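See below for the structure under consideration.
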Amino acid sequence: MNNYVKYFGIAFLVIAIDQIVKMLVHFEMDFGTPGQIPIFGDWFKLHYTTNPGMAFGMELGSEYGKMILTSFRLVAMVGIGYYLYYIIEKKNHPVYILCIAMILGGAIGNLVDSVFYGVWLNNAPYNAPTPWFHGQVVDMFYFDIWEGYIPEWVPLWGGSYTALWPIFNIADASIFIGVAIILIYQNRFFPDKKEEPITEETESLS
């Protein structure tokens, strides 16, 4: 029982910190460039913006695309939650379990925005069929490596003025760190099982 409390507690901690930071940003910062706060020179700033769709601002191209995306996130959250329970039960590597807990917390953190922020913060797009399930994710951490106009021929982002590094939040960072650790240490988390030698019995010919 203690392991369940510990790892699901880590997921809850990620959610709590993520939501507290988002509320502080929403209520204490001005939106966009006017409210930008430098942290380390010009290259790392707090910059309040919202993300209406998937990573990097991409969206599904239909009226109900956002609702479909939010519903998918909800199903994914349930699946990750069950998987976390399963690997705790199976006593997998503790760091791997920690990573899954971080991914779960991050997924729920952004899901809260998508489900509720259209109502709580009134930030659903003007053409959304309903504010529920159409909330925009609040982002704030901005590494200002480069920004400028992307040529029209570039797929997906062409023809827009954008930043090289995406603006992200605590939930995004938690997911990214969890996935990165799993990829780096996958050999330790998923050691290859050595195949036992197969012996064949042969009959002696008389």
Side-chain angles (χ1 to χ4, degrees), residues 1-22 39-40 43-44 49 51-60 65-66 68-115 137-146 150 154-157 162-199:
M1 178 62 70
N2 287 338
N3 281 337
Y4 296 108
V5 173
K6 178 172 70 174
Y7 290 113
F8 278 97
I10 289 170
F12 178 79
L13 183 62
V14 170
I15 299 166
I17 295 173
D18 176 66
Q19 291 300 310
I20 289 171
V21 171
K22 287 172 177 174
I39 303 298
F40 295 112
W43 65 272
F44 178 48
T49 188
N51 178 358
M54 297 179 282
F56 306 104
M58 292 186 295
E59 301 179 66
L60 296 179
K66 175 67 174 181
I68 294 170
L69 174 62
T70 303
S71 300
F72 173 78
R73 284 174 170 167
L74 181 60
V75 172
M77 180 207 68
V78 174
I80 297 171
Y82 174 78
Y83 181 66
L84 178 59
Y85 172 86
Y86 174 81
I87 60 177
I88 294 172
E89 183 76 17
K90 294 297 182 180
K91 295 181 171 58
N92 281 47
H93 196 291
V95 177
Y96 177 67
I97 301 175
L98 172 64
C99 291
I100 298 300
M102 293 173 63
I103 293 170
L104 175 63
I108 296 176
N110 282 335
L111 180 68
V112 170
D113 299 28
S114 296
V115 174
V137 175
V138 171
D139 294 326
M140 74 291 299
F141 299 119
Y142 178 25
F143 287 94
D144 191 359
I145 299 172
W146 176 88
I150 299 180
V154 177
L156 298 178
W157 300 283
T162 188
L164 176 64
W165 191 270
I167 304 174
F168 61 97
N169 55 41
I170 295 289
D172 297 330
S174 182
I175 294 171
F176 177 83
I177 292 170
V179 171
I181 293 174
I182 292 173
L183 292 176
I184 293 170
Y185 294 101
Q186 57 182 308
N187 290 335
R188 183 172 298 180
F189 298 153
F190 311 109
D192 293 333
K193 294 182 179 180
K194 295 182 179 179
E195 296 183 0
E196 298 180 358
I198 301 175
T199 58

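None of these values were measured; they are calculated from a predicted model.
For the pair Tyr7/Pro94, a side-chain contact is recorded, criterion being any heavy-atom separation below 4.5 Å from C-beta on. Side-chain atoms of Thr49 and Met140, non-hydrogen and from C-beta on, never get closer than 4.5 Å to each other. Looking only at side-chain heavy atoms (C-beta outward), Phe189 and Ile181 come within less than 4.5 Å of each other. For the pair Phe176/Phe168, no side-chain contact is recorded, criterion being any heavy-atom separation below 4.5 Å from C-beta on.
A donor and an acceptor atom, one from each side chain of Asn110 and Asn169, are located under 3.5 Å apart. Looking at Gln19 and Asp113, their side chains do bring a donor and an acceptor atom within 3.5 Å of each other.
In terms of the side chain to side chain donor-acceptor pair (under 3.5 Å) criterion, residue partners of Asp18 (sequence neighbours excluded) are, by chain and number, Lys22. Residues passing the side chain to side chain donor-acceptor pair (under 3.5 Å) test with Tyr83, sequence neighbours excluded: Tyr96.
Within 6.0 Å of CZ in Phe12 there are 12 or fewer heavy atoms belonging to other residues, nucleotides or ligands. Counting non-hydrogen atoms of neighbouring residues, nucleotides and ligands closer than 6.0 angstrom, the CZ atom of Phe190 exceeds 12 such neighbours.
Atom CD1 of residue Ile97 and atom CD1 of residue Ile10 lie 9.5 Å apart, to the nearest 0.5 angstrom. Residue Glu89 holds its CD atom at 10.0 Å from CG of Asn3, rounded to the nearest 0.5 Å. Cys99 contributes atom SG, which lies 9.5 Å from atom CD1 of Ile184 (distance to the nearest 0.5 angstrom). For the atom pair CG of Leu98 and NZ of Lys6, the computed distance is 9.0 Å after rounding to the nearest 0.5 Å. For the atom pair Asp172 CG and Ile167 CD1, the distance stands at 11.0 Å (nearest 0.5 Å). For the atom pair Asn92 CG and Leu84 CG, the distance stands at 10.5 Å (nearest 0.5 Å).
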Can you list the steps and then say if Ile170 with Phe141 is a side chain to side chain contact (heavy atoms under 4.5 Å, CB included)?
-> CA-CA 8 Å; Ile170 295 289; Phe141 299 119; 3.7 Å; yes
Given the rule in the side chain to side chain contact (heavy atoms under 4.5 Å, CB included) test, do Asp139 and Val137 qualify, once you have shown the distances and angles that lead to the verdict?
-> CA-CA 6 Å; Asp139 294 326; Val137 175; 3.8 Å; yes
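By the 30° and 60° cut-offs, the orientation of the rings of Trp43 relative to Phe40 is parallel.
Closest of all the heavy-atom pairs between Ile80 and Ala107 is CD1-CB, 4.5 Å. When all heavy atoms of Ser174 and Val14 are compared, the pair lying nearest together is OG-CG1, 3.6 Å. Considering all non-hydrogen atoms of both residues, Gly109 and Ile15 come closest at N-CG1, 4.3 Å. The shortest heavy-atom contact between Leu104 and Gly81 is CD1-N, 3.8 Å. In plain terms, the two heavy atoms of Ser114 and Arg73 that are nearest each other are OG-NH1, 2.7 Å.
Ring to ring, Phe44 and Tyr142 are not that close: their centroids are 6.0 angstrom or more apart.
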